[in-house]
Engineer: 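Sending over a structure as structure tokens; questions will come in a sec.
Per chain, numbering begins at 1; letters A, B, ... match sequence-line order.
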Amino acid sequence: MVDREDARYPSNFISNIMTADQASGKHQGRVKTRFPPEPNGYLHIGHAKAICLNFGLASEFGGTTNLRFDDTNPEKEDEHFMTAMRRDIEWLGFRWEEEHNASDYFEALHDFAVQLIKDGKAYVCSLSAEEIRSYRGTLTEPGTDSPYRSRSVEENLDLFARMRAGEFEDGAHVLRLKIDMASGNMNLRDPSIYRIRHVAHHQTGDAWCIYPLYDYTHCISDALERITHSLCDTGFEDHRPLYDWVLDQLDVPGNPQQIEFSRLNLQYTVTSKRKLKQLIDEKFVRGWDDPRMPTLAGMRRRGYTPYALRDFCRRIGITKSDNNVELALLESCIREDLEASAPRAMAVINPLKVTLVNFEKEQAETLQVPNHPKDPDMGSREVPLTRTLYIDQSDFRLEANKKYKRLVLGQEVRLRGAYVIRAVDVRKDEHGNIKEVLCEYDPDTLGVNPEGRKVRGVIHWVSAEDCVSAEFRRFEPLFTVPFPDAEETDYRDLINPNSEQRWQGFVERSVLQQPRAQRFQFEREGYFIQDDVDATTSGELVFNEIVGLKDSADKMRATLESD
RNA sequence: UGGGGUGUCGCCAAGUUGGUAAGGCACAAGGUUUUGAUCCUUGCAUGCGGGGGUUCGAGUCCCUCCACCCCAGCCA
């Protein structure tokens, strides 16, 4: 792959804030961000937007970024996801300054909670979950103070200590902040900040049986790490007053600012962890790294490049408005990268046998074919030409109008990198299906166009006598509608049954001389990469189509059918 | 009269103190081409959710209306 330097983010409202902050000397001119995933699933394209933003902007402003696993809910989390996330972030091309877990702060968080209790700003509430809900009121009606809201500091301290000591059952008590049960902002109606959970934590083992909640943990973690700009999605907009409230009560270093931007919505895909997991559990796909998944692991296996993904994240921009990005933009990014960096090769995905009747059996010729049409530095390769070949079935017709630029019975076409051939006859099977095309080649047309004749076009091919058989997997979106989440129908009923298509064909032998991870453009077909899982087990080559060539041929076919 | 947000071309999105609507994707039309790819050229918002107002001048200021999104986890 060509090594390219990333462009800067176009100006956006967050970079504008950072510019202004540095100008005014806020945070002493520092910029420090963090990427805080919860280790309960795999990172996906939506996370890529946040990763690129956090790491990209920090770097542009001379700052750094921390990786922080937001692991305050041991019931849903697992160390395995941390490993996968580190790998995905590194693959995307980013390096974090410090790695932390929110659980690293459990002791500090506990001490801050004790301080809040002493200050009369937190209390132990013994209402049940259902009771708390009903006391909370509704969106339009204020809540009611919990009967435990006026417990004494001493009693709260004692109860909280016993909560930590494991004296109570799960759910018996919670620690709550004392803010305002009548607030229009539900988040300020005495939010819970600690709950009792007698479960082991993947990092702290059984050291704790009380675990802090997100709103309380996140702002303090940010402050402890001296984060300056804490970026999150717009779903947390009305949590900001709580974020600020907590920090205002405590004597913590730094004063991080939470800034919200809208999450990515990509057409034809879902990104909720619940749904992605369901797709796997219910066998719609083969795993987190299935090439059709919008996970970074899936896109990596599919062959997407880190550069293309970063470019995509930059091109979609950063705002607070709802968006629905078209797949075409993502595809444009990957094509642009691969157009320049992928060596060309030929592969026949849906083979049709061709025999060059005037090509002697022992004549086998070795042609020298450039690896890139406009980059001589990519060199050339040897491609064998023999009496029998394969071309794609869609590249031959018994008859066709002049718009069809491929092989037609009785007419000429050029074999890419080789000679001009003329179809003189066909052989059919008992069902009348064409199983072989007999052609004559013109020995005077290697590297030169014939005199006085106009050849229809150029088609790709592969020697039938010297090639490698391979499976080709082509993909369509996982869903049949652009907004699977917005439909009335369950999204699982909107799954595209043709999301993966497998073809048995042939590829030129030269690909075997390239690294396993080499991305190719199979001319006139698309960009492909070897699947890094299946090929090794079956012994046969398996190629995943990364993205097809931009194809005005689709529309061409339509016009051809019409006349 | 719950709170918080957002509305600029089909999609994404620039638009600092009001000065006369960037760019990308998509699309269309030409040109080049031994990939119907790439590349090159050109086109694509008298208009900035609607309606008022202020102003010499408003996407940018004021008023008002409309639409859409988020919030009632002891999830994050």
Side-chain angles (χ1 to χ4, degrees), chain A residues 10-12 16 19-20 36-38 40 70-73 75-77 125 127-129 132-134 136-143 170-176 182-189 191-197 211 213-215 217-218 232-241 260 262 267 273 314-333 335-336 339-340 344 346 369-370 372-374 403-406 414-418 420 445 447-449 455 457-460 521-526 548-557:
Chain A
S11 92
N12 59 67
N16 289 162
T19 300
E38 182 188 15
N40 69 344
D70 216 335
D71 56 350
T72 57
N73 187 357
E75 291 176 300
K76 293 183 179 173
E77 297 151 6
C125 181
L127 252 22
S128 68
I132 286 182
R133 191 184 318 127
S134 69
R136 187 154 35 224
T138 70
L139 292 177
T140 54
E141 297 161 326
D170 287 5
H173 311 279
V174 291
L175 184 67
R176 290 228 255 171
S183 173
N185 183 342
M186 300 297 278
N187 298 116
L188 265 20
R189 319 245 262 227
S192 300
I193 60 172
Y194 267 93
R195 77 292 221 176
I196 302 171
R197 282 295 112 87
Y211 292 99
L213 278 89
Y214 169 86
D215 285 307
T217 306
H218 207 88
C232 62
D233 74 69
T234 51
F236 294 94
E237 238 154 358
D238 48 18
H239 290 238
R240 187 170 2 108
E260 312 84 13
S262 59
Q267 290 189 8
K273 274 179 191 161
R314 203 179 303 116
R315 290 210 240 174
I316 56 177
I318 299 296
T319 66
K320 299 182 74 159
S321 43
D322 291 337
N323 58 77
N324 49 290
V325 177
E326 294 174 338
L327 242 24
L329 182 59
L330 212 210
E331 294 180 343
S332 162
C333 292
R335 282 195 192 104
E336 184 179 304
E339 155 60 27
R344 307 303 107 130
M346 292 194 284
V369 180
H372 191 105
K374 44 176 62 165
K403 290 177 187 166
Y404 186 74
K405 297 168 65 175
R406 315 175 195 187
R414 172 173 296 279
L415 293 180
R416 174 66 159 162
V420 168
T445 55
V448 279
N449 285 126
V455 177
V458 181
I459 63 172
H460 58 99
Q521 182 201 100
F522 290 150
E523 295 202 60
R524 300 210 314 130
E525 295 288 4
L549 256 28
K550 189 173 175 184
D551 193 13
S552 44
D554 273 345
K555 276 151 273 164
M556 223 38 184
R557 268 176 223 121

Engineer: For E75(A), enumerate each residue passing the side-chain hydrogen bond (donor to acceptor under 3.5 Å, both in side chains) test, keeping only those at least two apart in sequence or located in another chain.
Structural biologist: none
Engineer: For R195(A), what residues pass the salt bridge (Lys or Arg N to Asp or Glu O under 4.0 Å) criterion, not counting sequence neighbours?
Structural biologist: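 For R195(A), no residue satisfies salt bridge (Lys or Arg N to Asp or Glu O under 4.0 Å) once neighbours in sequence are set aside.
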Engineer: Given rC74(B), rU6(B), rA13(B), identify the nucleotide with an atom nearest to the side chain of A129(A).
Structural biologist: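 Given the options rC74(B), rU6(B), rA13(B), the side chain of A129(A) is closest to rC74(B).
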Engineer: Taking the side chain of D70(A) as its heavy atoms from C-beta onward, which of rC74(B), rU35(B), rA76(B) lies nearest to it?
Structural biologist: rA76(B)
Engineer: Please list, chain by chain and in numerical order, all residues satisfying ring pair (Phe, Tyr, Trp, His ring centres under 6.0 Å) with H372(A), sequence neighbours excluded.
Structural biologist: none
Engineer: For S262(A) and rG5(B), is the shortest distance between a side-chain N/O and OP1 or OP2 below 4.0 Å?
Structural biologist: no
Engineer: Considering residues at least two apart in sequence or located in another chain, which fulfil the salt bridge (Lys or Arg N to Asp or Glu O under 4.0 Å) criterion with R524(A)?
Structural biologist: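 Scan of R524(A) (salt bridge (Lys or Arg N to Asp or Glu O under 4.0 Å), adjacent residues dropped) gives D395(A).
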Engineer: Applying salt bridge (Lys or Arg N to Asp or Glu O under 4.0 Å), name anything that partners E331(A), two or more places apart in sequence or on another chain.
Structural biologist: R335(A)
Engineer: Can you give me the N/O atom pairs linking the protein to nucleotides 69-73 of chain B at distances under 3.5 Å, or say none if there are none?
Structural biologist:
{"unit_1": "rC69(B)", "atom_1": "O4'", "unit_2": "D322(A)", "atom_2": "OD2", "d": "3.2"}
{"unit_1": "rA72(B)", "atom_1": "O3'", "unit_2": "R136(A)", "atom_2": "NH2", "d": "3.4"}
{"unit_1": "rA72(B)", "atom_1": "O2'", "unit_2": "R136(A)", "atom_2": "NE", "d": "3.0"}
{"unit_1": "rG73(B)", "atom_1": "OP2", "unit_2": "R133(A)", "atom_2": "NE", "d": "3.4"}
{"unit_1": "rG73(B)", "atom_1": "OP2", "unit_2": "R136(A)", "atom_2": "NH2", "d": "2.9"}

Engineer: Restricting both atoms to N or O, compile the protein contacts to nucleotides 41-44 of chain B shorter than 3.5 Å, with distance only.
Structural biologist:
none

Engineer: Going by salt bridge (Lys or Arg N to Asp or Glu O under 4.0 Å), name the residues that satisfy it together with R414(A), two or more places apart in sequence or in a different chain.
Structural biologist: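 Per chain and number, R414(A) pairs via salt bridge (Lys or Arg N to Asp or Glu O under 4.0 Å) with no residue.
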Engineer: Taking side-chain hydrogen bond (donor to acceptor under 3.5 Å, both in side chains) as the definition, give me every residue that meets it alongside E237(A), ordered by chain and number, with sequence neighbours left out.
Structural biologist: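 By the side-chain hydrogen bond (donor to acceptor under 3.5 Å, both in side chains) rule, E237(A) matches K320(A).
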Engineer: Taking any heavy-atom pair under 4.0 Å as a contact, classify Q521(A): base, sugar-phosphate, or nothing.
Structural biologist: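 Counting heavy atoms under 4.0 Å across all strands, the contact made by Q521(A) includes a base.
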Engineer: Does R524(A) put a side-chain nitrogen or oxygen below 4.0 Å from OP1 or OP2 of rG36(B)?
Structural biologist: yes
Engineer: What does the B/S/- profile of nucleotides 15-25 of chain B look like, 5' to 3', with a 4.0 Å heavy-atom cutoff to protein?
Structural biologist: S--------SS
Engineer: Please enumerate all residues that pass ring pair (Phe, Tyr, Trp, His ring centres under 6.0 Å) together with H173(A), with sequence neighbours excluded.
Structural biologist: F168(A)
Engineer: What residues form a side-chain hydrogen bond (donor to acceptor under 3.5 Å, both in side chains) with K273(A), not counting sequence neighbours?
Structural biologist: N40(A)
Engineer: Using whole Å, what does the distance between atom P of nucleotide rG5(B) and atom CD of E260(A) come to?
Structural biologist: 8 Å
